J.: 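Would you mind keeping the following structure in view while I ask a few things?
Start at 1 with the first residue, then count along the sequence. In this text, all values refer to a predicted model and were calculated from it rather than measured experimentally.
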Amino acid sequence: MAYEEENEAAAFMVDLDPDEWLRLLGVDYVAGREADGAAETLNLAQFAVGLDREHARATANTRADGQCVVRLKATVYGACRLAHLLARAVEGG
């Protein structure tokens, strides 16, 4: 019986996502929620112009100093496509 309980506990720990429950001193969680919102807004804007999340995706993160940031991860194609779309927007079309 103890062996089964250990396996269940181990499986539970594997499924835990520290980002969902871990709180650290010095981290501004309000800013973290704002960063989540900003990342989702950027993702929706990219999708609206035809750039799939498999090619470019914004995510909210926290730096070691506790500051919340939005990071953009992209494939080479995604980065080039996003740069092209931004250049066209600057040119007005």
J.: Kindly give the heavy-atom pair with the smallest separation between Gly78 and Ala74, and that separation in Å.
T.: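 Result for this residue pair: C-CB, 4.2 Å.
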J.: Which pairs, with at least one residue in residues 50-78 and sequence neighbours excluded, count as a ring-ring contact (aromatic ring centres under 6.0 Å, His included)?
T.: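 The answer is His55-Tyr77.
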J.: Going by salt bridge (charged side-chain N to carboxylate O under 4.0 Å, His left out), name the residues that satisfy it together with Asp52, two or more places apart in sequence or in a different chain.
T.: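 So Asp52 forms no salt bridge (charged side-chain N to carboxylate O under 4.0 Å, His left out) with any residue.
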J.: Looking at every heavy atom in both Leu51 and Arg81, which two are closest together, and how far apart are they?
T.: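 Taking Leu51 first and Arg81 second, the nearest heavy atoms are CD1-CG, 3.8 Å.
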J.: Output side-chain donor-acceptor pairs under 3.5 Å for residues 38-47, partner residues at least two apart or in another chain, one line each.
T.:
| from | atom 1 | to | atom 2 | distance (Å) |
| --- | --- | --- | --- | --- |
| Glu40 | OE1 | Arg53 | NH2 | 3.4 |
| Glu40 | OE2 | Arg53 | NH2 | 2.8 |
| Thr41 | OG1 | Gly37 | O | 2.9 |
| Asn43 | OD1 | Ala58 | N | 2.7 |
| Asn43 | ND2 | Ala39 | O | 3.2 |
| Asn43 | ND2 | Ala58 | O | 3.0 |
| Gln46 | NE2 | Ala56 | O | 3.3 |

J.: Stepwise, does the side chain to side chain contact (heavy atoms under 4.5 Å, CB included) test hold for Val90 with Leu86?
T.: CA-CA 6 Å; Val90 168; Leu86 291 171; 5.6 Å; no
